[in-house]
Protein chains: 2
Amino acid sequence: MELEATEQRILDAAEELLYGRGIQSVGMDAIRTASGVPLKRLYQIFPSKNSLVEAYLRRRDARWLRDLAQYVDTYDSPEQRVLAVFDWLFLWFNEQGFRGCGFINAFGELGATSPAVADSAKAHKNAFRRCLADLVAAADAPAWLTDQLVLLAEGAMTTAAISGSPEPARHAKDAARTLLRTAHTGIAPAD
Amino acid sequence: MELEATEQRILDAAEELLYGRGIQSVGMDAIRTASGVPLKRLYQIFPSKNSLVEAYLRRRDARWLRDLAQYVDTYDSPEQRVLAVFDWLFLWFNEQGFRGCGFINAFGELGATSPAVADSAKAHKNAFRRCLADLVAAADAPAWLTDQLVLLAEGAMTTAAISGSPEPARHAKDAARTLLRTAHTGIAPAD
DNA sequence: CATCCTAGAAAACGAACGTTCTCTTACGGT
DNA sequence: ACCGTAAGAGAACGTTCGTTTTCTAGGATG
């Protein structure tokens with residue numbers, strides 16, 4: 001059955017266009033042209049643009065988290081594994097066509113009008129936070145460090161996107177290292 | 001001349017809609033209805049939707065930076081002035097209808113297809129960075145701290161928007177305080 | 001060989017949008 | 001009072017887009 005292959009062709013083309021240009025800037029005709037799949041078959045597999053957008057977000061969410069986890073797993077030391085997140089961000093920011101986090105972009109564009117998109121962004125960011133929380137716990141760092149590292153990572157994504165430079169990943173890693181060391185030596189933040 | 005007043009009425013309505021729903025989700029007719037200004041006059045003042053969008057971004061940029069600077073100016077100590085940025089973010093995140101940074105949202109939606117929007121976002125973020133850099137310099141902190149604080153602030157904006165909670169501002173302030181103290185005591189990050 | 005079913009290409013449809021035009025109304029100057 | 005001007009309300013126009021339909025051809029089946 002080549003249905004699976006056709007679905008992948010559609011999703012590959014859709015992801016490049018939807019992520020690269022923004023969701024509402026891409027028409028179904030552009031996805032048809034890019035994928036080479038006729039409109040009729042396209043609508044047989046994805047009965048609406050909404051369902052295609054949701055499939056795009058689902059697949060991107062899964063792949064993004066999987067790739068991150070795989071990269072982190074190439075490190076052994078718990079502290080290095082925490083910091084490896086930011087090395088991976090640096091690699092991501094250097095990819096051709098990088099245009100920020102697809103979920104932040106989708107949320108900004110459609111979060112107010114589409115609960116499905118808003119929920120998808122929330123779920124993706126929650127999953128990322130959980131991933132980071134596990135790494136923080138494994139490094140014997142206090143749980144509140146997680147929230148701070150999340151902010152550094154999210155800030156790096158948008159700053160890298162808008163500035164067009166991957167450097168924010170390095171700055172985020174520098175800050176993360178400082179916070180990790182400070183937390184590790186037991187100095188808790190106070191007012 | 002009530003032209004000025006009409007322009008403000010249009011911009012007020014446009015900002016609430018464009019920021020609140022996303023740019024492409026808002027039609028000129030909705031802006032007409034919300035502002036009460038007839039389409040004919042609307043197009044006399046803003047000859048296209050693009051020009052209205054750019055005016056919206058220009059005005060929001062100026063007001064946002066002005067409000068931030070005004071808030072920071074209510075503090076005296078250089079360190080407090082740096083941290084006040086995050087207190088101000090907390091206030092902003094608590095505003096009704098908060099939906100993240102309008103420039104991050106606009107960039108995600110239209111940055112790839114509209115150089116004007118992309119440049120506007122770049123300029124806004126550069127201006128914010130300069131503002132933070134001045135506060136960092138006044139606090140006798142090293143210049144590289146600026147980039148780290150920028151990431152915390154940007155991350156707090158998107159995280160607060162997607163999670164729907166203002167707490168990221170507090171977490172960002174906690175992290176900023178740690179980084180500021182560490183930097184101030186002369187401990188530079190190393191590998 | 002005839003027939004039915006499927007699939008691809010592209011036209012077509014209905015809605016929405018950005019933009020312009022028309023029609024009516026009211027006002028200001030002589 | 002009269003006429004030129006502008007302004008408001010909304011229809012209209014041309015385009016784009018999501019979605020559906022039509023038309024044509026080929027391939028499997030009896």
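A note on names: the letters A, B, ... follow the listed sequences, proteins ahead of strands, and every chain is numbered from 1.
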Let me know the distance between CG of A/Leu42 and C1' of C/dA10, rounded to the nearest Å.
15 Å
Between D/dT16 (P) and A/Ile23 (CD1): distance, integer Å:
22 Å
Salt bridge check, B/Arg21 against B/Glu16: does any charged N sit closer than 4.0 Å to a carboxylate O?
no
Rounding to 0.5 Å, atoms CD (A/Gln80) and CG (A/Asp76) come to a distance of 8.0 Å
When the distance from CD of B/Gln24 to P of D/dC17 is rounded to whole Å, what number comes out?
10 Å
By nearest atom, which of the nucleotides C/dG8, D/dA9, D/dT19 is closest to the A/Pro38 side chain?
C/dG8
Which whole-number value in Å describes the distance from B/Tyr43 OH to D/dG8 C1'?
17 Å
A/Asp12/A/Arg9 ion pair, N-O < 4.0 Å
no
The nucleotide from D/dA9, C/dG8, D/dA11 with an atom nearest the side chain of B/Leu39 is D/dA11
Closest nucleotide among D/dA7, C/dT19, D/dT21 to the B/Gln44 side chain:
D/dA7
Between atom CD in B/Glu2 and atom P in D/dA6, what is the gap in whole Å?
15 Å
Using whole Å, report how far CD1 of A/Ile31 lies from P of D/dT19.
11 Å
Whole-Å gap separating C1' (D/dT20) and CE (A/Met28)
12 Å
Round to the nearest Å and state the distance from B/Phe46 atom CZ to C/dT19 atom P.
13 Å
Describe the nucleic acid contact of A/Val37 in one word from base, sugar-phosphate, nothing, applying a heavy-atom distance below 4.0 Å.
nothing
Between C/dT19, D/dT19, C/dG8, spot the one nearest the side chain of A/Lys49, thanks.
D/dT19
If the test is ring-ring contact (aromatic ring centres under 6.0 Å, His included), which one of B/Phe103, B/Trp88, B/Tyr71, B/Tyr19 qualifies with B/Trp64?
B/Trp88
Any chance the side chains of A/Arg58 and A/Ser120 put a donor and an acceptor closer than 3.5 Å?
no
Does A/Lys40 make a side-chain donor-acceptor contact with the base of C/dG8, cut-off 3.5 Å?
yes
